[in-house]
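Every chain is numbered from 1, with letters handed out A, B, ... down the list of sequences. All values derive from a computational prediction rather than experimental measurement.
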Number of protein chains: 2
Amino acid sequence: MTASRVLRGEGGYSENTRVKVMAQVDALGYLPNRLATVFAGDQSSTFIGVSIPDLGNEVFAQVLEGIDRKLGTFGYQSVLGLTQHTLQEEENWIRTVLSWQPAGLILTGRYHSPRATDMLRNSGIPVIEIWDLNSSPLDMSVGINHFDSGFDMGRYLTSLGYRNIGYVGTSHDTANAATERLNGFCKAVDGAGGEVIKQLCLHDTATYYPGFYGTEQLLVAAPAVECIYYQNDAMAFGGLQYCSAKGLSIPNDIGIAGWGDLPIASVMSKRLTSCHVSHLKLGQTAAEMMMARLTDEPAPNCTDIGFRLIPGSTVRNSGI
Amino acid sequence: MTASRVLRGEGGYSENTRVKVMAQVDALGYLPNRLATVFAGDQSSTFIGVSIPDLGNEVFAQVLEGIDRKLGTFGYQSVLGLTQHTLQEEENWIRTVLSWQPAGLILTGRYHSPRATDMLRNSGIPVIEIWDLNSSPLDMSVGINHFDSGFDMGRYLTSLGYRNIGYVGTSHDTANAATERLNGFCKAVDGAGGEVIKQLCLHDTATYYPGFYGTEQLLVAAPAVECIYYQNDAMAFGGLQYCSAKGLSIPNDIGIAGWGDLPIASVMSKRLTSCHVSHLKLGQTAAEMMMARLTDEPAPNCTDIGFRLIPGSTVRNSGI
DNA sequence: AGGGGTTAAGTTACCCGTAACGTAGTTGTG
DNA sequence: CACAACTACGTTACGGGTAACTTAACCCCT
């Protein structure tokens with residue numbers, strides 16, 4: 001007991017005792033067992049469960065980096081769960097991770113299975129849903145409005161005169177933010193009298209090569225598209241490479257627009273038309289909101305990270 | 001106690017009792033507290049601590065994906081630690097994560113602080129050092145021989161007649177695998193009578209933009225380099241874009257070689273000269289070795305994932 | 001000298017799941 | 001029918017840290 005007091009530095013012991021205890025700690029290589037503390041219910045753990053769809057998609061890797069780095073500065077650890085875009089995986093992971101008594105959970109996406117939702121509500125711990133901004137979250141939410149982001153791009157591209165527009169993305173069982181962007185995009189294009197031809201790569205990761213072959217498939221199916229909107233910049237770059245390889249000039253023969261303003265865009269010769277989102281900041285903000293909640297500081301329960309359309313030069317630069 | 005037996009399905013109860021217990025479980029939304037089980041010492045936890053330098057570098061994101069996905073299939077969870085390439089961060093993280101009684105640790109790199117090494121040795125749990133192949137690991141090791149991988153590229157480039165060669169990479173406080181590759185590379189180039197001019201971007205992440213500006217700095221300092229070896233493909237792509245922007249033809253005016261065979265290489269118009277390593281498999285193998293050890297199955301304590309030089313077409317294709 | 005206050009250190013109980021053991025009640029066998 | 005063998009379920013104790021409480025020793029003041 002006295003040793004416990006010394007290690008926690010809470011006072012009530014003499015200097016002489018402190019020295020003796022510390023000497024034993026060093027001699028034995030003693031490391032405290034935090035499980036015991038948490039188990040006894042005296043304090044909550046420093047685990048934060050973090051679910052992420054996949055790390056092959058650079059945007060999620062950045063979000064996770066933002067979360068874990070910020071949690072680390074507060075002495076908290078991420079317990080990772082890669083859900084592979086399925087609600088069942090997420091549910092299984094939630095059940096397991098809750099059994100470890102985490103201090104909180106950060107989940108990607110607003111959609112959860114009914115059982116998952118029940119568990120989350122009953123858990124009694126803070127839950128932050130990131131990525132999709134969610135005006136009526138289970139508990140807290142950080143992200144952007146993906147529908148609006150897609151809508152803005154749709155409005156921008158149609159304002160340049162594009163009407164026959166392609167979309168290349170990936171498709172999973174679960175509705176997700178990319179679907180929301182596509183919905184917003186279609187609404188804007190429809191509203192301007194245009195049409196969106198969709199090419200979805202099933203169950204693939206939203207990265208370079210699916211962008212490449214998705215573009216090939218799209219252009220075979222719909223050779224007349226004037227412009228292609230991609231799920232993200234990595235896919236857009238893959239598509240751009242496909243078009244270049246086929247001798248198509250950008251933006252003269254075909255326009256290219258991505259999403260996310262990923263690092264690769266910083267070195268491309270033409271500024272990629274895209275939508276800037278600070279993925280790192282999104283993750284950091286989620287971690288900060290979690291910490292604020294855990295220390296009972298006032299915190300918003302909903303934070304819009306915002307986005308910014310990047311006109312770029314991979315689309316034509318004025319109407320017609 | 002009977003409830004515990006039912007939940008574990010270990011037998012010794014009647015069907016009638018089972019039904020009553022399960023009804024209560026559903027009614028109460030009961031979730032077991034695994035902390036108690038582990039704490040009591042009846043079984044080990046299903047945490048595996050995983051330290052990774054950063055996730056901005058795509059190779060590490062892939063390694064982590066391989067680890068976590070494979071661990072997940074065994075019902076284990078990764079507790080993440082981003083060490084930002086510093087031994088002190090790693091040491092702090094090891095101390096914390098060990099206090100959670102993980103079943104094992106997977107660490108990136110073979111270098112650890114003395115205190116970290118002590119803690120690892122005393123922990124009594126399996127420790128796998130990944131990335132750098134380590135013939136005398138603390139416990140187990142999975143990776144490739146980075147020195148050899150750099151050496152092979154050096155030999156290949158000099159075999160093509162290159163002698164005045166640049167290197168662009170990042171630099172951190174800690175010696176790491178990229179340093180090993182560079183050492184191997186320099187040895188091969190020296191051996192062939194060539195010279196390596198190094199351009200290190202301090203404390204930056206090994207991704208596109210540092211490759212771009214590092215190339216600019218290198219070419220200002222040493223305009224005569226005929227060929228540049230990069231820390232990885234992302235940096236190589238950044239450099240390639242810089243060269244293209246400056247009107248340098250590749251490989252006629254300058255040769256480009258990367259490392260890692262990252263996804264972006266799959267869509268580049270010229271096959272990037274690089275070195276293929278299966279990062280995902282590396283992570284999966286580490287997770288499999290960990291699981292084998294935890295279930296007392298026979299497992300090698302050292303696995304070489306191997307690499308394969310990709311000649312590519314971003315370097316000249318024969319001597320002189 | 002004796003009572004109240006203070007400090008340092010020790011004791012007890014608790015957290016929850018399960019191993020180990022105990023105990024009814026039932027079934028089977030010679 | 002007596003006794004062993006088994007089944008179903010109950011009881012106790014334990015793990016490591018700490019809150020809450022107790023005890024011992026000492027100090028100061030009147």
Go through DNA chain D in 5' to 3' direction and return only the first and the last nucleotide with some atom under 4.0 Å of chain B's heavy atoms.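 First and last nucleotides in contact are D:dA8 to D:dG16.
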Enumerate the ring-ring contact (aromatic ring centres under 6.0 Å, His included) contacts for residues 87-111 of chain B, please, sequence neighbours excluded, ordered by first and then second residue.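 Those involving residues 87-111 of chain B are A:Phe47-B:Trp100.
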With sequence neighbours left out, what residues match [X] under side chain to side chain donor-acceptor pair (under 3.5 Å)?
X        : answer
B:Thr205 : none
B:Asn134 : none
B:Ser123 : none
A:Ser44  : none

Going by heavy atoms closer than 4.0 Å, what residues in residues 28-38 of chain B are next to DNA chain C?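 Hits under 4.0 Å, by residue number: B:Tyr30, B:Pro32, B:Asn33, B:Ala36, B:Thr37.
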Please round to 10 degrees the angle between the axis of the first five pairs and the axis of the last five pairs in the helix from C:dA1-D:dT30 to C:dG30-D:dC1.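 Taking the rotation axis at each end, their angle is 50°.
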Using only side-chain N and O atoms of A:Ser14, determine if any of them is under 4.0 Å from OP1 or OP2 of C:dA8.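 For C:dA8, neither OP1 nor OP2 has a side-chain N or O of A:Ser14 closer than 4.0 Å.
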Distance check: side-chain N/O of B:Ser4 vs OP1/OP2 of C:dC16, anything under 4.0 Å?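 Checking C:dC16 against B:Ser4, no side-chain N or O comes under 4.0 Å of OP1 or OP2.
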Provide a list of protein-nucleic acid N or O atom pairs under 3.5 angstrom, restricted to nucleotides 19-27 of chain C.
residue: C:dA19; atom: OP2; partner: B:Arg8; partner atom: NH1; Å: 3.1

With sequence neighbours excluded, tell me which residues meet side-chain contact (heavy atoms from CB on, under 4.5 Å) with B:Asp304.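 Counting only residues at least two positions away or on another chain, B:Asp304 forms a side-chain contact (heavy atoms from CB on, under 4.5 Å) with B:Leu133, B:Ile144.
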Which residues pass the side-chain contact (heavy atoms from CB on, under 4.5 Å) test with B:Gln84, not counting sequence neighbours?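 In terms of side-chain contact (heavy atoms from CB on, under 4.5 Å), with neighbours along the sequence ignored, B:Gln84 is linked to A:Arg69.
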Just by distance, do the side chain of [X] and the backbone of [Y] share a donor-acceptor pair under 3.5 Å?
X        : Y        : answer
B:Arg293 : B:Met289 : no
A:Asp68  : A:Leu64  : no
A:Glu129 : A:Leu138 : yes

Considering all heavy atoms, the nearest A:Pro298-A:Ala292 contact: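 Answer, listing the atom of A:Pro298 first, then A:Ala292: O-CB, 4.4 Å.
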Determine the minimum heavy-atom distance between A:Val142 and A:Ala286, stating which atoms define it.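 What the structure gives for the nearest pair is CG2-CA, 3.9 Å.
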Apply salt bridge (charged side-chain N to carboxylate O under 4.0 Å, His left out) to A:Glu89 and list each qualifying residue two or more places apart in sequence or on a separate chain.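 Salt bridge (charged side-chain N to carboxylate O under 4.0 Å, His left out) check on A:Glu89 returns nothing, list empty.
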Toward the 5' end of DNA chain D, by each residue's nearest nucleotide, B:Ala40 or B:Arg18: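 Its nearest nucleotide being more 5', the pick is B:Arg18.
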